Structure formats: structure tokens, C-alpha cells
Number of protein chains: 2
Amino acid sequence: MTADHVFAALASPARRRLLRLLLDEGAQPAGRLAVRFDMSRPSVSEHLKVLKDAGLVAESRRGRERHYRLEAGPLMEIREWLTPYERFWRERLSALSTLLDEMDDLGPDDEHGPDGLNGRNGEQPHV
Amino acid sequence: MTADHVFAALASPARRRLLRLLLDEGAQPAGRLAVRFDMSRPSVSEHLKVLKDAGLVAESRRGRERHYRLEAGPLMEIREWLTPYERFWRERLSALSTLLDEMDDLGPDDEHGPDGLNGRNGEQPHV
DNA sequence: ACTATATGTAGGATTTTTCCTACGCATCAA
DNA sequence: TTGATGCGTAGGAAAAATCCTACATATAGT
């Protein structure tokens with residue numbers, strides 16, 4: 001439920017694969033998910049529990065089956081957590097292109113066109 | 001260097017805090033980062049190593065200090081990994097608002113205005 | 001050359017994670 | 001009711017992560 005739980009849950013490749021399966025194929029009973037893994041069914045069941053505790057999946061009981069569905073909310077919180085780093089990333093990119101421009105001014109050694117995707121006009125942070 | 005390494009690196013609160021410090025305050029020598037933690041300096045040093053192996057920080061030696069700087073590229077790959085889930089998330093949202101509209105049609109019990117941020121007009125996936 | 005500083009590495013204790021098999025519980029079908 | 005099916009939990013072994021205290025290395029200053 002906390003960000004800690006979400007990050008910890010995403011640390012396992014098996015759990016990330018579970019999320020992807022639920023995304024691509026929709027909600028499914030636990031057993032149908034488990035057969036895809038090179039791992040015992042109870043182990044998959046525990047992974048599902050970790051995902052559930054992190055709020056990444058929800059379960060609904062239907063007869064003797066338990067259907068798990070993706071709950072993408074926490075992933076959007078991860079996305080928000082990443083946002084400030086995106087700003088940093090863009091600034092690095094524009095700093096790089098500024099540097100390339102300066103190199104062009106000093107002495108163009110070849111004629112590779114400027115293929116940057118941004119306008120080469122940002123502030124330049126810690127380089 | 002792989003996505004596995006990046007997700008695993010982000011699983012530790014201490015390492016996420018290191019990244020945040022480097023983002024907010026810029027590159028710093030290892031020792032200056034370490035004093036902020038309720039943990040021995042060598043332990044912080046190992047966390048920095050994990051981050052470096054994941055490509056999340058880079059080090060540059062300056063005299064007897066080692067400055068660590070944020071390397072945001074891998075975080076942008078995480079962002080891309082999240083993208084398909086964002087689509088799923090939006091579809092859920094619009095499905096919810098569609099549902100709310102139907103409830104309005106059947107019998108409006110109060111007059112809360114529709115405060116959804118989207119137009120309530122998407123496809124409705126697995127609800 | 002000698003000492004102090006900045007930092008990584010070694011080795012180990014402790015905790016956590018991961019995975020298994022065995023079992024219990026609920027549901028469906030005869 | 002009886003037997004099969006779907007699934008979680010218990011208990012434990014093995015592996016990995018976490019954190020510590022020495023210790024080694026390299027640079028700076030005197």
C-alpha cells in the first residue's frame with residue numbers, strides 16, 4: 001500500500017511478468033497464471049499476495065476460483081515519483097546539444113546533421 | 001545496466017533517497033552523502049555501488065574524493081516500462097465515469113456536479 | 001617521509017526473500 | 001456423501017540482501 005511496498009513488489013521479475021500478463025490478457029484465475037511459470041503454483045500464489053499487499057492487483061472470488069485483476073493506481077504513483085527526474089533528464093539532454101553546438105562553432109569535423117529531438121535551448125545543469 | 005538491475009536498485013528506500021539527494025543538491029562526494037544517513041559510511045558506499053551497477057549514478061574522481069552524480073537515463077526506461085499501464089489506467093478512469101453517468105440517468109439522488117477531469121467518453125475495459 | 005583524510009573492500013552476523021513440499025479448506029460434480 | 005478441483009497457508013531450506021567492524025588504498029598536507 002505504501003510506495004515502499006510498490007517498489008519492493010516491482011523488484012521481482014516474476015511479479016513484473018504477472019502484471020504484464022494481467023495487462024495483456026485481462027483478469028484471470030490464479031491457476032491459469034501459474035501454469036505459465038517455471039515455478040510451483042504455491043510460489044506464484046505468494047507472488048500474487050505480495051502484489052495484492054502492494055495494491056497492484058485485486059482479487060475477486062468466483063466459485064472456487066480466484067480471479068486476479070490489475071490495479072494500475074500504484075503504478076501511476078511510481079510515475080509521479082519519477083517526474084522530477086524527467087526534468088533533470090531533459091536538462092541533461094539540452095545541455096548535451098548545447099555542447100554539440102559549441103563544438104560545431106569551434107570546428108566542424110564532419111557533416112552529421114543535428115538530429116536532436118529538442119531545440120537545443122535549455123538551461124544546462126551539472127555536467 | 002538491465003531493467004532488472006534498475007528495479008532491484010529502486011527497491012531500497014536508502015537508495016531512492018540517495019537518488020533524491022543527488023537530484024536536489026547535485027553531484028556530491030560519497031562522504032557528504034553518507035553523513036545524512038543513519039547508517040555506517042561503508043554501507044552507504046555499497047548502496048552507491050548498487051546504484052552504479054544499475055547505471056543510476058556515475059562517479060568521477062576528484063583528488064581523493066569521489067563525486068557521484070545522478071544518471072537519469074535508466075529511470076526514463078522505467079517510465080517507458082510504465083507507459084502501457086498508463087493506457088490501462090486511463091481506460092479504467094473513463095469506464096468509471098461512464099458508470100457514474102449511467103447512475104445519473106437512472107436516478108440522480110443529489111446534485112454533485114460531474115467533476116471528472118476527462119470527458120467520460122472512453123472505451124470501457126475489464127471492470 | 002609521515003600523518004590525516006576520503007573512500008572502497010573483506011569477512012561475517014543477521015534478516016529477508018524465494019522457493020519447495022505437505023497439508024487444509026472450500027467448491028463443484030456425481 | 002464422496003471424490004476431484006482450485007487455491008491459500010505452514011514450515012523449512014537455501015539464497016540473497018543488509019549492515020556492521022576492521023582493514024587496505026590512495027591522495028593531500030606538513
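As the structure is a prediction and not an experimental result, all values here were calculated from the model. In what follows, chains are A, B, ... by sequence order, proteins preceding strands, each numbered from 1.
When all heavy atoms of Arg79(A) and Arg79(B) are compared, the closest pair comes out as O-NH1, 3.2 Å. Residue Val6(A) comes nearest to Pro74(A) through the heavy atom pair CG2-CB, 3.8 Å, listed as atom of the first residue, atom of the second, then distance. The two residues Ser12(A) and His47(A) come nearest to each other via the heavy atoms OG-CE1, 3.8 Å.
Among the nucleotides dA10(D), dT18(D), dC7(D), the one closest to the side chain of Ser12(B) is dT18(D).
In this structure, CZ in Arg20(B) is found 11.5 Å from CG in Leu22(B), a value given to the nearest 0.5 Å. Of the inter-residue distances, the one linking Tyr85(B) atom OH with Arg92(B) atom CZ reads 15.0 Å to the nearest 0.5 angstrom.
In the helix from dA1(C)-dT30(D) to dA30(C)-dT1(D), the rotation axis of the first five pairs and that of the last five pairs differ in direction by 20°, rounded to 10 degrees.
Just one residue in the list Arg17(B), Arg36(B), Arg69(B) forms a salt bridge (charged side-chain N to carboxylate O under 4.0 Å, His left out) with Glu25(B), and that residue is Arg36(B). Screening Val57(B), Val50(B), Val44(B) against Leu18(B) for a side chain to side chain contact (heavy atoms under 4.5 Å, CB included) leaves a single residue, Val44(B).
Between Asp38(B) atom CG and dC20(D) atom C1' the separation is 13 Å, expressed in whole Å. What separates CD of Glu65(B) from C1' of dA28(D) is a distance of 11 Å, to the nearest Å. Computed from coordinates, the Leu33(A) CG to dG8(D) C1' distance equals 15 Å when rounded to whole Å. Rounded to whole Å, the distance from CE on Met39(A) to P on dA14(D) is 19 Å. In this structure, Asp53(B) atom CG and dA17(D) atom C1' are separated by 14 Å, rounded to whole Å. Rounded to an integer number of Å, the gap from CZ of Arg66(A) to C1' of dT5(D) is 14 Å.
Nearer to the 5' terminus of DNA chain C, by closest-nucleotide assignment, is the contact made by Gln28(B) (compared with the other of Gln28(B) and Glu46(B)). The 5' end of DNA chain D is approached more closely, in terms of each residue's nearest nucleotide, by Arg64(A) than by the other of Leu48(A) and Arg64(A).
No engagement by Arg62(A) is indicated, since no non-hydrogen atom pair under 4.0 Å with the nucleic acid exists. Residue-level contact check: Pro29(A) touches the backbone only, with heavy atoms under 4.0 Å from sugar-phosphate atoms and none from bases. Residue Arg61(A) is out of contact with every strand shown, counting any heavy-atom pair closer than 4.0 Å. Here Tyr68(A) lies in heavy-atom contact (under 4.0 Å) with sugar-phosphate atoms only.
The nucleotide range of DNA chain C contacted by chain B, defined by atoms under 4.0 angstrom from heavy atoms of the protein and reported 5' to 3', is dA4(C) to dT9(C).
Judged by distance alone, the side chain of Arg41(A) and the main-chain N or O of Ala34(A) form no donor-acceptor pair under 3.5 Å.
Here Arg41(B) does not reach the OP1 or OP2 of dT21(D): none of its side-chain N or O atoms lies under 4.0 Å away.
Residues satisfying the side chain to side chain donor-acceptor pair (under 3.5 Å) test with His67(B), not counting sequence neighbours, are none.
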